[in-house]
Amino acid sequence: MRTLPRPAPAIVYGAAALFPAALLTLGALAGGAWFWAGFLWVAVISQAIDTLAARALPDPEEGVPHPGADAVSLMLVAAHLLLLSGALRALAGFGPPLTWPQHVALFFGTGMFMGQVSNANAHELIHRGSRLLFRAGALVYVTLLFGHHVSAHRLVHHRHVATDADPNSARAGESFWRFFPRAWAGSFRAGLAVERDRAARQPGRVNPYVWWVGGAVACVALAAAALGLRGALIYVLLCLYAQMQLMLSDYVQHYGLRRATLPDGRAEPVDARHSWDAPHLLSSLMLVNAPRHSDHHAHPSRPYPALRLNRAQAPRPLLPWSLPVMGAIALVPPLWRRVMDRRVARMRALARPGDAPPVPSPTG
């Protein structure tokens, strides 16, 4: 009798996610070929393996415990902090001598890791009920100078996803280069408005934007004190690049999908039709199952090893390639629209009556 494949234990997620961090950290501390090994793994090799393998992890059983998942998440937070400090030290000229190509490899490799793996892990943690885990996830976002995402993601994105009220749900025909500044500023303002309202209704409650903005200022000041103005500038640029990688995930995972408006004026409940999933094996492991995005929206507190793909449900938006590969394609708007707009149109045709109009013409 053929046995079904078993879901991966938490340690396998940890190994897949920590491997590129180890390569990049070795590069920052020791120099040599480690720079290129880390950069090429994150940018090329892992994506090639994912594309060629084209396999999906099996869905876990409901209610089965996943020991070690929290420990792996905290290890990834520690790896993020170690890599960030080591990379900044090396890029600012306080580590082994670097050539310009090595500077480029370390900068972009670290930025991709932080914007993809660190983001996926922090995203997992800010949804957890444990105060320790939540604060660990928030710490990662603060060190990325993106602390407002902790408020905006949970209080705005999850409430208004796949509607025009959510700044982080990309519109059909909208290029990533238009989406990025609109969503960055829009989510900052929307999260601030919600937090101000909550603070007004709860006397004595401190608006967490004090920590999000104050923490970012403190991080930049610490970088300047330790590494000089050059180090602080590199830190800001590195975080901006990581934020771009982070926002590419939001752009890809909700592009063009919209919830129908019910007769009472509310948006229909969120379901599997409102997020693009990716079934690919290696990126699911490296990104702690972030590509299983629709199940996360259905069950925000569900730990990452328990997220399901539910491929039997239809209609289901599935990306043709892994999430990181689709992020790279999104950087080239004509290519992105050629790949995605017909898929968006197909999903809208299969949607319930009263959904949004057809895909518009390009807006840049």
Side-chain angles (χ1 to χ4, degrees), residues 17-39 42-43 73-123 125-126 132-150 184 188 206 208-247:
L18 287 169
F19 181 64
L23 294 178
L24 290 163
T25 302
L26 282 171
L29 298 178
W34 297 111
F35 290 111
W36 295 107
F39 171 74
V42 174
S73 292
L74 292 175
M75 288 171 60
L76 287 173
V77 172
H80 163 82
L81 297 173
L82 180 63
L83 173 58
L84 177 58
S85 59
L88 282 177
R89 184 173 177 273
L91 291 168
F94 290 86
L98 304 183
T99 64
W100 274 109
Q102 289 175 327
H103 271 93
V104 171
L106 181 59
F107 181 93
F108 286 103
T110 301
M112 281 187 281
F113 177 87
M114 294 195 305
Q116 295 177 19
V117 181
S118 293
N119 164 54
N121 183 56
H123 165 263
L125 292 173
I126 63 172
L132 170 64
L133 297 179
F134 173 83
R135 288 179 174 175
L139 174 63
V140 172
Y141 282 123
V142 168
T143 61
L144 293 178
L145 312 183
F146 207 62
H148 72 270
H149 189 71
V150 180
W184 201 110
F188 185 96
V206 177
Y209 268 65
V210 171
W211 309 116
W212 309 152
V213 177
V217 172
C219 286
V220 175
L222 181 61
L227 304 172
L229 292 179
R230 181 188 178 197
L233 177 60
I234 292 172
Y235 178 36
V236 171
L237 293 175
L238 183 63
C239 287
L240 181 62
Y241 180 67
Q243 291 169 19
M244 187 183 80
Q245 293 290 316
L246 185 159
M247 297 292 274

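Every residue meeting the side chain to side chain donor-acceptor pair (under 3.5 Å) condition with Q243, not counting sequence neighbours, appears here in chain and number order: W184. With sequence neighbours excluded, the residues that form a side-chain contact (heavy atoms from CB on, under 4.5 Å) with A37 are L23. With sequence neighbours left out, A221 forms a side-chain contact (heavy atoms from CB on, under 4.5 Å) with no residue at all. Under the side-chain contact (heavy atoms from CB on, under 4.5 Å) criterion, A216 pairs with L145, sequence neighbours left out. Judged as a ring-ring contact (aromatic ring centres under 6.0 Å, His included), and not counting sequence neighbours, the contacts of F108 are Y241. For L133, the side-chain contact (heavy atoms from CB on, under 4.5 Å) partners two or more places apart in sequence, or in a different chain, are D70, L74, L125, R128, S130.
Going from atom CZ of F94 over to atom CZ of R89 covers 8.5 Å, rounded to the nearest 0.5 Å. Rounded to the nearest 0.5 Å, atoms CZ (F113) and CG (L18) are 6.5 Å apart.
Applying the side chain to side chain donor-acceptor pair (under 3.5 Å) definition to pairs two or more places apart or across chains, none involves residues 24-37. Counting only residues at least two apart or on different chains, the side chain to side chain donor-acceptor pair (under 3.5 Å) pairs with a member in residues 113-122 are S73-N121, H80-S118, Q116-Q245, N119-Y141.
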> Yes or no on side chain to side chain contact (heavy atoms under 4.5 Å, CB included) for W211 and V142, after CA distance, side-chain angles and deciding distance?
Replying inline: CA-CA 8 Å; W211 309 116; V142 168; 5.9 Å; no
>> The test is side chain to side chain contact (heavy atoms under 4.5 Å, CB included); show your working for H149 and L144 and say whether it passes.
In response: CA-CA 10 Å; H149 189 71; L144 293 178; over 6 Å; no
>> Go through it in stages, so that I can follow the logic: the residues are T110 and L91, the test is side chain to side chain contact (heavy atoms under 4.5 Å, CB included), and I'd like the CA-CA distance, side-chain angles, deciding distance and then a yes or no.
In response: CA-CA 11 Å; T110 301; L91 291 168; 5.8 Å; no
>> For I234 and R230: C-alpha separation, side-chain torsions, deciding distance, then whether side chain to side chain contact (heavy atoms under 4.5 Å, CB included) applies.
In response: CA-CA 6 Å; I234 292 172; R230 181 188 178 197; 4.0 Å; yes
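Aromatic ring pairs are classed by plane angle as parallel below 30°, tilted from 30° to 60° and perpendicular above 60°; the pair F188 and Y209 is perpendicular.
Between L238 and M114 the shortest side-chain heavy-atom distance falls below 4.5 Å. Using a 4.5 Å cut-off on side-chain heavy atoms (C-beta onward), L84 and Y235 make contact. When side chains are defined from C-beta on, L98 counts as touching F35, because their heavy atoms get closer than 4.5 Å.
Considering every non-hydrogen atom in both L227 and A92, the closest pair reads CB-CB, 4.1 Å. Closest of all the heavy-atom pairs between G27 and P96 is O-CG, 4.4 Å. Between A28 and A90, the shortest heavy-atom contact is O-CB, 3.5 Å. Taking both residues in full, the closest heavy atoms of P97 and Q102 are given as O-OE1, 3.8 Å, listed atom of the first, atom of the second, then distance. The two atoms that bring A17 and L76 nearest to each other are CB-CD2, 3.5 Å, heavy atoms only. Closest of all the heavy-atom pairs between A138 and I126 is N-CG2, 3.9 Å.
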